[in-house]
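So the structure is just underneath, and the comments pick up after that.
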Amino acid sequence: MRTAILGPAERAESLASMAERELDVLVVGGGVVGAGTALDAVTRGLSTGLVEARDWASGTSSRSSKLIHGGLRYLEMLDFALVREALKERGLLLEKLAPHLVKPVPFLYPLQHRGWERLYAGAGVALYDTMSMAPGHGRGLPVHRHLSRRHALRVAPCLKKDTLVGALQYYDAQMDDARFVTTLVRTAAAYGARVANRARVTGFLREGERVVGARVRDAEGGGEYEVRAKQVVNATGVWTDDTQAMVGERGQFHVRASKGIHLVVPKDRIHSTTGLILRTEKSVLFVIPWGRHWIVGTTDTGWDLDKAHPAASSADIDYLLEHVNSVLAVPLGRDDVQGVYAGLRPLLAGESDATSKLSREHTVAHPVPGLVVVAGGKYTTYRVMAKDAVDEAVHGLDVRVAACVTEDTPLVGAEGYRALWNARARIAARTGLHVVRVEHLLNRYGTLAEEVLELIAQDPSLGQPLQAADDYLRAEITYAASHEGARHLDDVLTRRTRISIETFDRGTRSAREGAELMAPVLGWDKDRIEREVQHYEKRVEAERESQRQPDDLTADAARLGAPDIVPM
């Protein structure tokens, strides 16, 4: 398998190649499900294309809670099949498919009632552990343990003493969701898929009732392509209904958007060695370790405004602060919030008006010949959704197709990761980087970290950290543009790195340095650098303004004050 490079030349070649000859499968949508579907299809031997209107993972798949988990609360809903499925996927990702990207994370569940609650919650967590081990992929995580109040306060001194009588501690897993999707796309490309971001489907090609491909507009170069395919898969998440409208069919189900917002606060604001999971009146609230930060989330409210840029309102932020402060001995204030992000869950509409009661399970349908639709589901079960979508597409092909093999197909960077991790001190000595820097690179790129290190060997200045975001090396910005498909400054500061939510300036102080590092790779002149920086600054200001607004309507209007960047 070759290492896939998602540079400007490779993108142009992919678009041209897709238009030259008919594909077996064209996947529309570059989130986790679309990327997973492309990987599933190409590893079955099918000629495969993948197009995304904006950047990889620019929608829901970069705005999640960044957890790979079974969904402990679904046990309470008696949805055992969903939990069992998700726990199997969690184990596969941790142990085989992406150990460089998916890591264990502990959570503390405070108990507020003596006796019955420990029995009730303890039985649920014990079942959770048992179900995770059943498929043979869950033994890599420690089992849960019961803690007294004194022990719980040693583990999490941030908690008010009067808010708990004891606690349970259990383990799940986490990842950087946007990086995971980019790695999925690179893996699909490594096996031969043609992939292009900033390539928008403007309509479907029809022969009678049958869908036989799509019209694709290159948002960067402005060209139009007709991409013909035996089967097209609509994996556009919260845009599913909009995409379906292009064929005049809403389909057999409806997708509603539920907004979830998250706050990012510095590590020193919450004194704890473990994550927290807290009950709210509607759902649960997580406090999740995130490097030198914590992620606090999430909300669950209906959203029918702009899907591309969901906005967090002042009311959303107050809701999270109020709930997390109800258990913290030292409360968080607005000044403690470094970053805020909002995402939309694609939920299958049901009878209930409450989005928290809509289905988290996925559905696959074949509404018209040649077009498969996949929607719903959880990030953790993306691989199962992709398998089901390709299985459905295979029914429309006239050839015998191999079964799914993604359960045994590690993502690029996974093979040999543990060996490099064990050699990280030697790598640090060889490269002159601190061992902590090497660990950072290995946990972001796996064995592909060697490609980043090669850039530094060629230009030692790239081994320096960014001046205003010193968690990241300058080489990572260059690499994002040359190897990871980043086309704009926003792609790098928001998704290839997390500078946009991990710094109090939201990445504005890193914008010019980042743009200047991308410029040689993407052929930008001084005017283009200036335009990219100005666009990013306007985006940040629009987000800040939206977060001062009292409700969704005014927040949405404020966020739309910064339009998407349009290339020359």
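Everything quoted here is computed from the prediction, not taken from an experiment. The basis for the numbers below is simple: all heavy atoms, side chains too, and nothing from hydrogens, waters or symmetry mates.
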Are any side-chain N or O atoms of [X] and backbone N or O atoms of [Y], one a donor and one an acceptor, separated by less than 3.5 Å?
X    : Y    : result
R506 : Q338 : yes
D24  : S47  : yes
T182 : E484 : no
H362 : A375 : no
R444 : L101 : no

Counting C-beta onward and ignoring hydrogens, is there a side-chain heavy-atom pair between [X] and [Y] closer than 4.5 Å?
X    : Y    : answer
E52  : V185 : no
T406 : T43  : yes
T497 : I477 : yes
D552 : L305 : yes
R194 : L15  : no
E224 : V216 : no
Q549 : S314 : no
L205 : E226 : yes

Tell me whether the rings of Y379 and Y382 are parallel (<30°), tilted (30 to 60°) or perpendicular (>60°). perpendicular
For the side-chain contact (heavy atoms from CB on, under 4.5 Å) test, which of E451, R179, E450, H483 pairs with Y445? R179
Salt bridge (charged side-chain N to carboxylate O under 4.0 Å, His left out) assessment of R474 paired with E513: CA-CA 9 Å; R474 287 163 53 86; E513 185 179 9; 2.9 Å; yes
List in chain and number order the residues that pass ring pair (Phe, Tyr, Trp, His ring centres under 6.0 Å) with Y472, two or more places apart in sequence or in another chain; answer none if no residue qualifies. H440
Only one of R496, R198, R487, R11 clears salt bridge (Lys or Arg N to Asp or Glu O under 4.0 Å) with D55; which? R496
Sequence-distant partners of R54, side-chain hydrogen bond (donor to acceptor under 3.5 Å, both in side chains), two or more places apart: none
Salt bridge (Lys or Arg N to Asp or Glu O under 4.0 Å) partners of D176, counting only residues at least two apart: R498
